[in-house]
Engineer: 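Take this structure first; my questions come after.
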Amino acid sequence: MKIGASAIEKWYFRGKAESNRFFAVNRTDLTLEPGKVTVLTGRSGSGKTTVMNIMSGLLTPDGGKVLADGKDLYAQDDRALSEFRNMHFGMIPQGADVLPHLTVMENILLPQGICGRRNPKGTDPAGKAQKLLECMGTGQLADVRAGELSGGERRRVCVARALAGIPDVIFADEPTSDLDDENMQIVLQMLKGAAEAGAAVLIVSHDSEALDYADVRLRMNSGVPESI
Ligand SMILES: Nc1ncnc2c1ncn2[C@@H]1O[C@H](COP(=O)(O)OP(=O)(O)O)[C@@H](O)[C@H]1O
Ligand SMILES: [Mg+2]
């Protein structure tokens with residue numbers, strides 16, 4: 001699936017005066033192509049997460065549009081947008097959010113349980129999830145409650161959750177933070193593998209290592225992504 005953002009913008013106010021309006025994202029065009037890894041790097045606060053949230057249907061832009069295979073994401077009502085996201089998108093959120101009282105496996109399978117998400121390739125979802133965990137050295141964690149995990153373990157659960165449903169588009173926000181070098185390379189390789197299997201992948205990262213895995217390299221600079 002192709003995701004195209006055109007002239008998206010998002011502004012916030014700092015302080016009280018109208019003149020304190022600043023653009024977190026400033027009239028940005030960005031296209032994510034199937035089969036390609038796009039890496040968006042840049043300093044903290046440069047607008048990377050805001051771009052990703054707009055492109056993934058989580059944050060309504062103040063201007064511009066996001067088209068998913070030609071369909072206007074934000075022209076749908078909230079329920080349709082949620083179902084569409086669940087069906088097509090895999091997310092690795094910056095905060096590595098998990099539901100603490102559910103087990104690792106329950107967390108990973110949750111998106112597929114909601115809205116009766118199909119399993120596109122007809123494979124066994126729990127088996128696929130277990131394989132993903134094993135690839136990242138976390139196979140023994142399947143039955144552990146997610147609230148008991150370290151930050152790096154939670155991050156890898158989020159990676160498995162995003163990839164398990166074989167989504168058309170993967171949005172990964174700082175997927176390698178809290179990871180050691182070896183696991184960082186493993187996770188980046190898994191995201192690259194998902195692209196090679198046909199997904200459109202956006203990785204937002206302040207780690208320059210991610211650039212080694214990119215087909216398209218961008219640096220966010222004051223709300224505008226520039227090619228590097
Ligand atoms: N909900 C919000 N309210 C006000 N300012 C925000 C909000 N979200 C983000 N910002 C600001 O927008 C800018 C870009 O944020 P973000 O996209 O999270 O940056 P990055 O991911 O590159 O670190 C930052 O200056 C941040 O403080
Ligand atoms: Mg961010």
Side-chain angles (χ1 to χ4, degrees), residues 3-32 37-66 68 73-74 78 81-82 85 89-98 150-159 161-163 167 169-180 183-184 187-188 190-192 194 200-228:
I3 305 288
S6 55
I8 53 169
E9 50 189 28
K10 189 78 195 173
W11 62 73
Y12 293 109
F13 292 100
R14 287 223 163 119
K16 286 186 181 145
E18 168 75 9
S19 59
N20 286 347
R21 188 166 81 155
F22 84 100
F23 284 83
V25 176
N26 200 347
R27 287 191 70 79
T28 285
D29 298 330
L30 182 56
T31 302
L32 308 179
V37 176
T38 301
V39 172
L40 179 60
T41 180
R43 296 169 68 172
S44 175
S46 59
K48 305 182 297 297
T49 293
T50 307
V51 166
M52 177 169 282
N53 286 347
I54 292 172
M55 293 191 82
S56 61
L58 281 176
L59 181 68
T60 308
D62 293 318
K65 274 188 181 167
V66 181
L73 271 194
Y74 292 99
D78 202 41
L81 174 56
S82 296
R85 293 184 59 247
F89 296 172
M91 302 285 307
I92 304 171
Q94 182 164 5
D97 310 271
V98 290
S150 74
E153 288 166 342
R154 264 206 326 271
R155 181 82 47 193
R156 282 173 280 169
V157 171
C158 291
V159 172
R161 183 180 59 194
L163 297 181
V169 190
I170 296 167
F171 295 96
D173 197 350
E174 307 286 358
T176 57
S177 45
D178 319 315
L179 297 185
D180 54 69
N183 278 307
M184 178 189 302
V187 164
L188 291 170
M190 286 168 77
L191 291 168
K192 179 94 184 153
V201 178
L202 175 61
I203 301 176
V204 156
S205 182
H206 66 266
D207 282 328
S208 51
E209 277 83 354
L211 290 169
D212 298 342
Y213 293 80
D215 300 298
V216 180
R217 295 172 183 79
L218 303 167
R219 175 164 291 122
M220 197 76 183
N221 196 359
S222 305
V224 183
E226 295 165 351
S227 291
I228 47 174

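Remember, it's 1-based here, ligands and their atoms both numbered in the order they're listed. The first residue in the sequence is number 1, and the count goes up from there. Bear in mind that the values here come from a model prediction, so they are computed numbers and not experimental data.
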Engineer: Which residues and atoms, protein N, O or S only, are under 2.8 Å from the Mg ion (ligand 2)?
Structural biologist: Thr49 OG1, Gln94 OE1
Engineer: For atom 20 (P) of ligand 1, what is the closest protein heavy atom, and at what distance to 0.1 Å?
Structural biologist: Gly45 N, 3.5 Å
Engineer: Hey, could you give me the CZ/OG1 distance between Phe23 and Thr28, rounded to the nearest 0.5 Å?
Structural biologist: 11.0 Å
Engineer: Considering only heavy atoms, does Met220 approach ligand 1 within less than 4.0 Å through its side chain, its backbone, both, or neither?
Structural biologist: neither
Engineer: At less than 4.0 angstrom from any non-hydrogen atom of Ser44, what atoms of ligand 1 do you find?
Structural biologist: 23 (O)
Engineer: Look at atom 16 (P) of ligand 1 and say which protein heavy atom is nearest, naming residue and atom and giving the distance to 0.1 Å.
Structural biologist: Thr50 OG1, 3.6 Å
Engineer: What is the closest protein heavy atom to atom 2 (C) of ligand 1, and at what distance does it sit?
Structural biologist: Tyr12 CE2, 3.3 Å
Engineer: Do Lys48 side-chain atoms and Arg43 backbone N/O form a donor-acceptor pair below 3.5 Å?
Structural biologist: yes
Engineer: Does Leu179 offer a backbone N or O that forms a donor-acceptor pair with the side chain of Thr176 under 3.5 Å?
Structural biologist: no
Engineer: Nearest 0.5 Å, please: how far is CD1 in Ile8 from CD1 in Ile54?
Structural biologist: 4.5 Å
Engineer: Can you check whether Ser205's main-chain N or O pairs, donor with acceptor, with Thr41's side chain at less than 3.5 Å?
Structural biologist: yes
Engineer: Between Tyr12 and Phe22, how do the two ring planes meet: parallel, tilted or perpendicular, split at 30° and 60°?
Structural biologist: tilted
Engineer: Main chain of Thr49, side chain of Asp173: is a donor-acceptor contact present, judged purely on distance under 3.5 Å?
Structural biologist: no
Engineer: Hey, does the side chain of Asp207 reach the backbone of Ala210 with a donor-acceptor pair shorter than 3.5 angstrom?
Structural biologist: no
Engineer: Return the closest protein heavy atom for atom 11 (C) of ligand 1 as residue, atom name and distance.
Structural biologist: Phe22 CZ, 3.7 Å
Engineer: What's the shortest distance from atom 19 (O) of ligand 1 to any protein heavy atom, and which residue and atom give it?
Structural biologist: Gly47 N, 3.3 Å
Engineer: List the closest protein heavy-atom neighbour of atom 18 (O) of ligand 1: residue, atom name, distance to the nearest 0.1 Å.
Structural biologist: Thr49 CB, 3.7 Å
Engineer: Should Ser46 be listed as contacting ligand 1, given a heavy-atom distance under 4.0 Å as the test?
Structural biologist: yes
Engineer: Are Arg155 and Ser177 close enough that a side-chain donor and a side-chain acceptor fall under 3.5 Å?
Structural biologist: yes
Engineer: Do any N or O atoms from the side chain of Glu9 and from the backbone of Gly64 form a donor-acceptor pair under 3.5 angstrom?
Structural biologist: no
Engineer: Can you find a non-hydrogen atom of Arg43 under 4.0 Å from ligand 1?
Structural biologist: yes
Engineer: Who's the nearest protein heavy-atom neighbour of atom 25 (O) of ligand 1, and how far?
Structural biologist: Arg14 NH2, 3.0 Å
Engineer: Apply salt bridge (charged side-chain N to carboxylate O under 4.0 Å, His left out) to the pair Lys192 and Asp215, showing each step before the final yes or no.
Structural biologist: CA-CA 9 Å; Lys192 179 94 184 153; Asp215 300 298; 3.3 Å; yes
Engineer: Would the distance check show the side chain of Lys65 and the main-chain N or O of Gly4 forming a donor-acceptor pair, the cut-off being under 3.5 Å?
Structural biologist: no
Engineer: What residue and heavy atom of the protein are closest to atom 12 (O) of ligand 1, and at what distance?
Structural biologist: Ala24 CB, 3.4 Å
